[in-house]
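None of the values given here were measured: they were computed from a predicted structure.
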Amino acid sequence: MKQPVSPLTPLIALNTVVLDTETTGLDVRSDRVVQIGAVRLYGREIQDEAVFNVIVDPQMPIPDVARRIHGLSDADVAGKPGIAEVLAQLAAFIGDAVVVGHSIHFDLAILRHEAERHGIKWTEPKALDVALMVAGLDRALIDTSLDSLALSLGIAVEGRHTALGDAMATARVYVGLQNRLLASGIRTLAEAENLCRKPQGLIARQQEAGWFDRPREQHDFSRLALKQGTQRAIDSYLYRNRLGDVMSSPPISISETADLHSAAQLMAACHIGCLIVTRENGEPGILSERDVLHALAARGAEAGKLKVGAVMSFPVISAPADTFLYRALGLMARKNLRYLGVTDDGGRLAGIFTLRTLLRERALATLTVGDEIAMAGRPRDLAKVQSALPTLATGLLADGQDARQVCAIISAENKAMTARAAEIAEAELEAAGAGPAPAAYAVLMLGSGGRGESMLAPDQDNALLIADDYTGDLTSPDDWFSRFASRLNEILDRAGIPYCKGGVMARNIQWRRRLGEWQHQVEEWAHHPSPQALLNVDIFYDFTPAHVSSSAGARLAESLRHFAADTARSSLALVRALGETAASHAPPLGLFGRIRKDDQGRVDLKSGGLLPIVAGARAIALRHGVTALSTPERILQAAQQAGRSQADAEILANIHGFLIRLIITQQINDLEAGIAPGNRVEVARLNHRDQDELREALGRIDLITHMLRDLLQGI
């Protein structure tokens, strides 16, 4: 049974079959098929060995004009199978794949009429037309012939006007178009389908020729995503809780010089199944009950005299305390672990996470996102995970999950993708002979990703922090960290997290620095808060480490965090400038409290809604030394320390969550439609209650302005 292809599937990971037919003529209603050629693709890889090449007996004479084109005569097709037999074989070859072709709707139309003529059930597959895609990319293009497209891409065409030869040529053209599609922001099947709808003149001519026998698909995007979300239940507990919420802390430890008998007694007395082993070199190990049993089986009674250091395992496989449980369970399943270390912000072991086998199996059965990121070896593997996030978000929202928590999960996935991209980039450099990282480092996620508030319109806001003892030239393109940062950003872009349009990426030297250089930059921003400096501060001050080279890398990030917070708190000029900027953003409300919409009936809920709350909360938090990164926590903690009304703080936190829910729901709908997601919400699609609450919410954003005014008066 065919499984529907998700419109969110990235092109880089899309299963396709490139198809072409040769026929007795160009009338799709009366002419017949004489040859079918097809080849499989996965993403950009042409599977040369997976081809379909069949000559068909059309059961009618082949006109001379057609024979002169494809070279097949009546003698060539005599005794060949009929279309009824071949269509079944073709359907099996296509399977669940999306069909790609040049003027593919001609081929599909003639196959459809052949099926109707012979009373054969034929399910038309999803299709992409390279001619329509190219015309959609370049509206001024006149010649969209296969020869012209191949020539423009430098592709040699062999076997022209044979079905398989044209299918192969079309496959190479489609592969050659991928970079242009990516550069134009066309990453998913839905976006490619939407692109194919743009050249209306070409489509009109195809319709006149009878290539379409049904109206073009019309979408109703209003509640499509949320309806789909109810199709699969999700155990939201695993997506609400993090390791730090459930770990055992502090971990119970024993010296590596203790004997195994003492270790077994300690485990029994504490009713635990593992101990952390302290070692002279500072890197902890772990001793589990399984290790004790193995020693007893091998040495018998003498095992009790063995030193713990001779039996333990190291290093301790760990994950940060803010790791969601679903991701921790995926890691444990992949590594076959019963115990997982939990580290603090500085990379130090802070606790142990354990679970019974029964609980582990039950929990793993509920996962919708496993540990695919950790197993990814190529950008397209990461792209598949990225494309699954809207479906995951849909299910969680339909399950009643708070939209802010959904954003936290999206952020966690983007953070994990950034970490895996860094691992892949580092491994590639080592394989190329550049060696391992020459110094400790940390990859930092900035902006909304750092706050844990990412939605479904990602881009790259990241930076690279390097130890001061590194003596290389960071400005050189041949430098290890320069190459690493460029490849890191490239992998993420290919995986569906596009390059930052503002250039806030580690590949750019201003976002790739040593610790001391970052500290100097932070001081420069604080002492000279220019408009550009404030933009950088808005992005930078929400950073969190996504990947560290070692515990030393984690300590680098922790050190920079403390320095940046102390510098901001002591700089009244910076806090004042941040507060004034945040307070300058007015909500999109017009006369009598009406919502101001653009010419498409949408309202930007970021610039006049989220931005003043997020930026205002940051300014207040920096002034009062609040270390929380998430906006709601900043608001609540800062209000408490500033002596402001907790009720007002809670209202702002709720408005923040409400606006996020409206934006992310719109983004899901837009993604399904092949529309680039943004922050503009179509007001008419909201129900009356949400429209009323939106007006009320936008009208109460002035609460953050009042908080900022009080803050600024004090400095």
Student check: side-chain heavy atoms of Leu128 and Glu193 closer than 4.5 Å: yes
On the 0 to 90° scale, with breaks at 30° and 60°, tag the Tyr441-Phe481 ring pair as parallel, tilted or perpendicular. perpendicular
Using every non-hydrogen atom in the two residues, find where Val406 and Ala393 come nearest and quote the distance to one decimal. CG1-CB, 3.6 Å
Please answer whether the main-chain N or O of Ile668 pairs with a side-chain N or O of Glu672 as donor and acceptor at a distance below 3.5 Å. no
Within the distance-only criterion (no hydrogens, no angle test), does the side chain of Asp166 pair as donor or acceptor with the backbone N or O of Ala163 below 3.5 angstrom? no
May I ask you to say whether Glu45 pairs ionically with Arg380, meaning some side-chain N is under 4.0 Å from a carboxylate O? yes
Does either side chain, that of Asp143 or that of Ser145, offer a donor lying less than 3.5 Å from an acceptor on the other one? yes
Are side-chain heavy atoms of Leu111 and Phe106 found at a separation under 4.5 Å? no
Return yes if a side-chain donor-acceptor contact under 3.5 Å exists between Asn508 and Asn489, otherwise no. no
Would Asp64 and Arg67 pass as an ion pair if we require N to O under 4.0 Å? yes
Determine whether Gln178 and Leu182 make a side-chain contact, defined as any pair of heavy atoms from C-beta on separated by less than 4.5 Å. no
Heavy atoms only: give me the nearest Val17-Ala97 pair and the separation to one decimal. CG2-CB, 3.8 Å
Between Glu426 and Arg487, does at least one N-O distance fall below 4.0 Å, as a salt bridge requires? no
Can you see whether Asn414 engages Ser411 through a side-chain donor-acceptor pair at a distance of less than 3.5 angstrom? no
Where do Leu137 and Arg180 land on the side-chain contact (heavy atoms from CB on, under 4.5 Å) test, with the steps shown first? CA-CA 8 Å; Leu137 289 171; Arg180 285 189 62 190; 3.7 Å; yes
Do side-chain atoms of His70 reach the backbone of Leu72 as a donor and acceptor pair under 3.5 angstrom? yes
How far does CG of Asn669 sit from CD1 of Ile664, to the nearest 0.5 angstrom? 11.5 Å
Establish, from distance only, whether the side-chain atoms of Arg512 and Asn462 form a donor-acceptor pair under 3.5 Å. no
Between Leu8 and Leu189, is any pair of side-chain heavy atoms under 4.5 Å apart? no
Heavy-atom donor-acceptor pair, Thr323 side chain to Ala319 backbone, under 3.5 Å: no
Close side-chain approach of Thr170 and Leu149, heavy atoms under 4.5 Å: no
In terms of ring plane angle, is the pair Phe484 and Trp480 parallel, tilted or perpendicular, where the classes change at 30° and 60°? parallel
Please report the shortest heavy-atom distance between Val39 and Ala171, naming the atom on each side. CG1-CB, 4.0 Å
Using only atom types and a distance under 3.5 Å, with no angle test, would you say the side chain of Gln460 pairs donor to acceptor with the backbone of Ile497? yes
Under 4.5 Å between any side-chain heavy atoms of Asp57 and Pro81, yes or no? no
Determine, for Asp147 against Arg160, whether the closest basic-nitrogen to carboxylate-oxygen distance falls under 4.0 angstrom. yes
Go through it in stages, so that I can follow the logic: the residues are Asp20 and Leu164, the test is side-chain contact (heavy atoms from CB on, under 4.5 Å), and I'd like the CA-CA distance, side-chain angles, deciding distance and then a yes or no. CA-CA 7 Å; Asp20 186 76; Leu164 184 58; over 6 Å; no
Arg420 side-chain N/O to Ala376 backbone N/O, donor-acceptor pair under 3.5 Å: yes
Walk me through it: do Gln35 and Val56 pass the test side-chain contact (heavy atoms from CB on, under 4.5 Å)? CA-CA 5 Å; Gln35 188 180 29; Val56 182; over 6 Å; no
Find out whether Trp122 and Glu116 are in side-chain contact, i.e. whether some heavy atom of one side chain is under 4.5 Å from a heavy atom of the other. no
Given salt bridge (Lys or Arg N to Asp or Glu O under 4.0 Å), test Glu49 with Arg40 step by step and report yes or no. CA-CA 9 Å; Glu49 72 286 355; Arg40 290 189 185 282; over 6 Å; no
Is there a donor-acceptor pair closer than 3.5 Å between any side-chain N or O of Asp31 and the backbone N or O of Thr23? no
Which pair of non-hydrogen atoms, one from Ala209 and one from Val28, has the smallest distance, and what is that distance? O-CG2, 4.0 Å
To the nearest 0.5 Å, what is the distance between CG on Asp461 and CE on Met445? 8.5 Å
Do Glu191 and Thr188 have side chains that get closer than 4.5 Å, going by heavy atoms? yes
If you round to the nearest 0.5 Å, how far is CG of Leu392 from OH of Tyr326? 6.5 Å
Atom CG in Leu202, atom OG in Ser103: separation rounded to 0.5 Å? 7.0 Å
Evaluate Asp493 against Arg187 for side-chain contact (heavy atoms from CB on, under 4.5 Å), listing each step before the verdict. CA-CA 10 Å; Asp493 179 67; Arg187 297 172 176 273; 2.8 Å; yes
Is any NZ, NE, NH1 or NH2 atom of the basic residue among Glu114 and Arg117 found under 4.0 Å from an Asp or Glu carboxylate oxygen of the other? yes
If I take atom CG from residue Asn53 and atom CD1 from residue Ile36, how far apart are they, to the nearest 0.5 angstrom? 10.0 Å
What distance do Thr21 atom OG1 and Asp107 atom CG have between them, rounded to the nearest 0.5 Å? 3.5 Å
Is a donor on one side and an acceptor on the other found under 3.5 Å between the side chain of His102 and the backbone of Leu146? yes
Nearest heavy atoms of Leu456 and Pro677, plus distance in Å: O-CG, 3.3 Å
Please check this pair: side chain of Ser482 against backbone of Ser476, looking for a donor-acceptor N/O pair closer than 3.5 Å. yes
Distance-minimising heavy-atom pair for Asp129 and Ile104: OD2-N, 3.5 Å
Using modelled atom types and a 3.5 Å cut-off, is there a donor and acceptor pairing between side-chain atoms of Asn194 and backbone atoms of Ala190? no
Can we say Arg507 and Glu490 salt-bridge, meaning some charged N sits less than 4.0 Å from an Asp/Glu carboxylate O? no
